[in-house]
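Heads up, the thing below is written out as structure tokens.
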Amino acid sequence: MEYFVQQLINGLALGSIYGLIAIGYTMVYGIIGMINFAHGDIFMVGAFGALIVIVGLGAVGFGGAGVLIILALLAAMLIAAVYGWALERVAYRPLRGSFRLAALISAIGMSIFLQNFVQLSQGARVKPLQPMVEGGFVVMEKGNFAVTLSYLQIIIVVTTVVLMAGFSLLIAKTPIGRTQRACEQDMKMASLLGLDVNRTISLTFVMGAALAAVAGMMFLLYYGVIDFFIGFLVGIKAFTAAVLGGIGSLPGAMLGGLLIGLIETFWSGYFTVEYKDVAAFAILVLVLIFRPTGLLGRPEVEKV
Amino acid sequence: MSEPLLTVEHLSMRFGGLIAVNDVSFIAEKRRITSIIGPNGAGKTTVFNCLTGFYKPTVGRLVLAGAEKEHYLERMDDFRIGQVAGVARTFQNIRLFPAMSVLENLLVAQHNKLMRASGWSVLGLFGVPSYRRAEGAAVELGRYWLEKINLIDRADEPAGDLPYGDQRRLEIARAMCTEPQILCLDEPAAGLNPRETADLNGLLRFIRDDSGVGVLLIEHDMSMVMEISDHIVVLDYGQKIAEGDPESVRSNPDVIRAYLGDDEENDDIDAEAIGDRQ
Amino acid sequence: MAPIDYPQQAKESLLAGIVALALTVPMMGLRTTSGQDGMVIDIRMGDAALTTLGVAVGHFVISLIRQALQQRSPKETKTEKSARLKSVAIWIGWASFAFALTLPVTLNLTENLGLHDKTRYYLDIGILVLTYVMLGWGLNIVVGLAGLLDLGYVAFYAVGAYSYALIAAHFGWSYWVCLPLAGLFAAFFGVILGFPVLRLRGDYLAIVTLGFGEIVRVVLLNWYQFTGGPDGLSRIPRPDFFGLPFKRSSSEGETFHQFFGLDYSSIHRIIFLYYLIFILALITNAFTLRIRKLPVGRAWEALREDEIACRSLGLNPTNTKLTAFAIGAMFGGFAGAFFATRQGFISPESFTFIESAVILAIVVLGGMGSQIGVVIAAAVLIGGTEMFRGLEEFRMLAFGMAMVAIMVWKPRGLLANREPTVKLHGDKEAKP
């Protein structure tokens, strides 16, 4: 029981990170109907942005972990947002309306480029970071096994919930969100009505990238170590989360993220750690085969 | 009267709460052109999609009288309907294979026949003579239809390079190359100029009279429908409101009301006006 | 034909530079490195500035060239262009065929003349390039013809390599028995993987195949008793020349050099391997060219163009895709078996996603469906980067950039030119 609760807590924290990234996949898919293959690498760039700011400010003797984390978070979001914007501008916009595989291949190219760019500029070695948030509550205790809920896990889950709520409001209530939804429904009509479609798509990438950067920062704090390759696996799992929840659906992305996080931790906790990635992929395959619309997605009617 | 080729009984199609087609029954016959007309959103294309297996009907029976046995289309996978039952169709927005040549488009339509002849590719890889003969025959069938649609000179060009009207006719030729029992045409005259429409009428009459297949037609161009149809089924809001030969449909008050609205004053307007309005 | 607006161009390039500055200053200018106590920042603004300058100037030059080209080139008609591309492709095809056929001889001659002393090294590169040509041709069936984006092709390469290694080691059968078995095994694997997923739409399929590729790798990595885990399998039997081993001496009979009365040289085996992969690649090519003209080949292309139309014509999409998937997998398996026997050692490290991406890049950059395009792309990407070992670390960077650039410039690839598989109006063509 105690072990179960501990896994549950760990799974929720990990799932929140996946959920934040999954939102980026889901929004981009919703608006331009393609998998932003490089999104996982934007997440990686965000994590590096956070690391650079934390180390940099730490070096000039900047004190106070709280302020440092908030500053790093904002900076990481900004850096990732610029990358997200440039990514769309360079690799996707020229191919909009061209045939499908071209855009996907361009995305894969961008993913390879970003990984190697960071590898070259930041080095191939793993980057460790001293733990910045330590301690936590002991939720329950039995024998020598104590179930802990660390402050960091609380921060991760709370941040995610706040961001999700804010973001849902943004999409549901503001003019930005309205434009975004309009473009998602019918891009041509939206542009005929005078909406700036290019700007809206750029904005979608920017928002997705900023959320991925938050996830990157959380990942950095949670695991305390990153390298240029983290985007690949995490990205695929987050994509799985988006598909599982129903691609195009924001709550679905969050739900899918949580589920993938839980499945992964329980799988490692009860079965084998080695095959935890296989579990995520196997779920992806099963979902796509048996329920391609995901848990919360709407069925797509094939128009003939 | 010839025997019924396609019998549609109590066809209904629901999408969630929306009833697109509601209890529609009709019969299409061999060597006849049966048209389905109706205002936008009346459920015409949905009927087609049920017939060709793209949708599974909610309720209803679709029976095609084949040469040897009857085929229950509502139970078949979409590709089996083309392969086994012999239902061929065209699409509202043309779906050719644009990068492939005109002739290749016609050969893909003869895929199943050629597949058997090539021994599921095994014999074909070694170029056995029987396969070569089969391919030659397939090319000849392609040539036959290309001559009918006047595209023989452009046979080796990519289909995507053809002008719009030629693409429409090529799509019909491609459907005919499957050697079907029934040919379903989804708005074949859309976007054609009057001259092209006249050519199309000629082609459809030829198909009806010479190939002996049944033709099922969805069309908005009312003058064309009235000119070439042998039998007309009128749908409105997913329901069949009238059926009969062009003359009787033209003067049917329900049809006029469906097209011009439920206004007393319009009752005496001749259906010729319907064609003009479309 | 507006004249080029230089100030406007300059302004745009300046903007591109500013964006590049924003991108590079944090990531390149502030490098995190491990210091004495924890991480420290190593400031390298020079790199960032140089890159920024490069982006701005590059943007300016490229947009000028693009505009100049647009204004200069008189519009070539589509038929002229396709005829020109076709003759270029045929010419390059025969030239590279002749070059590849005579390479060992040329290398030997030039070495004897004292022009170089690295025959073995060049032959190794040749073998590597030909392996990728073969992989590219195999994947071309799946991606280029059938339009199925397979991001896990390396899985079949791995299955071929491992099944060859295991069969050859356990049963001691000859290479010529194990090679087809490895291919069949990979094809079988392709059918099993393909059956459930081939209904999926393009980009979903891509992700699922990627997932499968990773699953295969993770399984290879962790199934110790069977695959040796991360250590891989070693001492894989070397191929022999129809029963004659390439050894100095053999207790079981004659060796290759004894039989042919030659002096023993280790290069014999390399030359043999070179011609082996050359022939395997040629078989792949001949097979593809032939099957393209069969109904199933046309059905693949038709499915790539419009699946719904195919269904309406009575084509069974799943079976058709499955054949493409399985045949592509089979050639991947052959290539894998060759790889295993050539290396004598395999481990999961050789079968990562990046390998799939490289093979895909070869297919796509060359021009999807173009056989010659694959040869050119493999020669440039694999041979080119092997030749310039010093730039190894920039290799994948350039790779990624090239993929994006070529897609943006020519979404259908460099040599995208399609010849009809059957013609009504004469004009018989020959192609290597």
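By convention in this document, chain letters (A, B, ...) are assigned in the order of the sequence lines, proteins followed by strands, and residues within each chain are numbered from 1.
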Below 4.5 Å, heavy-atom pairs only: which of [options] has the largest tally toward chain A?
options	answer
C:L151, C:V218, C:I354, C:N222	C:N222
C:M28, C:M403, C:M27	C:M27
C:D42, C:T32, C:T24, C:I215	C:T32
C:V143, C:L210, C:L360, C:T51	C:L210
C:L23, C:V208, C:L30	C:L23

Please identify, among [options], the residue contributing the most non-hydrogen atom pairs under 4.5 Å to chain C.
options	value
A:I105, A:V118, A:V82	A:I105
A:G123, A:A124, A:A282, A:A91	A:G123
A:F37, A:W85, A:F232, A:F117	A:F232
A:I108, A:V53, A:I54	A:I108

Which atoms of [X] are under 4.5 Å from chain C, going by heavy atoms: the side chain, the backbone, both sets, or neither?
X	value
A:I35	both
A:V55	both
A:P94	side chain
A:L95	side chain
A:I79	side chain
A:Y92	neither
A:A86	side chain

- request: Mind running salt bridge (Lys or Arg N to Asp or Glu O under 4.0 Å) on C:K321 and C:E307 for me, showing each step along the way?
  value: CA-CA 11 Å; C:K321 286 181 188 173; C:E307 183 171 336; 3.2 Å; yes
message: Over 60° means perpendicular and under 30° means parallel, so tell me whether A:W267 and A:F271 are parallel, tilted or perpendicular.
response: tilted
query: Does a sphere of radius 6.0 Å around CZ in A:R89 hold more than 12 heavy atoms from other residues, nucleotides or ligands, not counting ones at 6.0 Å or beyond?
result: no
Under 4.5 Å from a heavy atom of chain A, the part of [X] involved:
X	value
C:V408	both
C:I406	neither
C:I43	neither
C:V219	both
C:L221	neither

- request: Test side-chain hydrogen bond (donor to acceptor under 3.5 Å, both in side chains) on C:E355 and C:Y153 and set out the steps.
  value: CA-CA 9 Å; C:E355 210 65 25; C:Y153 193 61; over 6 Å; no
task: Work out which heavy atom in A:R125 is nearest to a heavy atom in A:D227; give both atom names and the distance.
output: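 The pair with the smallest heavy-atom distance is O-CB, 4.4 Å.
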- prompt: For C:C310 and C:L303, which heavy atoms make the closest approach, and how far apart are they?
  reply: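 Closest heavy-atom pair between C:C310 and C:L303: SG-N, 3.5 Å.
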query: Between C:F325 and C:F195, is the gap from one ring center to the other below 6.0 Å?
result: no
Would you say the side-chain atoms of [X] pair up with the backbone N or O of [Y], donor to acceptor, closer than 3.5 Å?
X	Y	result
A:Q122	A:F48	no
A:T240	A:I236	yes
C:R311	C:P317	no

message: When you compare the side chain of C:L149 with that of C:L205, does any pair of heavy atoms fall below 4.5 Å?
response: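 A side-chain contact under 4.5 Å is absent here.
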- prompt: Passes salt bridge (Lys or Arg N to Asp or Glu O under 4.0 Å), A:R96 versus A:E88? Steps please.
  reply: CA-CA 10 Å; A:R96 205 180 298 152; A:E88 194 271 334; 2.8 Å; yes
task: Enter the distance from A:L129:CG to A:L220:CG here, rounded to the nearest 0.5 Å.
output: 5.0 Å
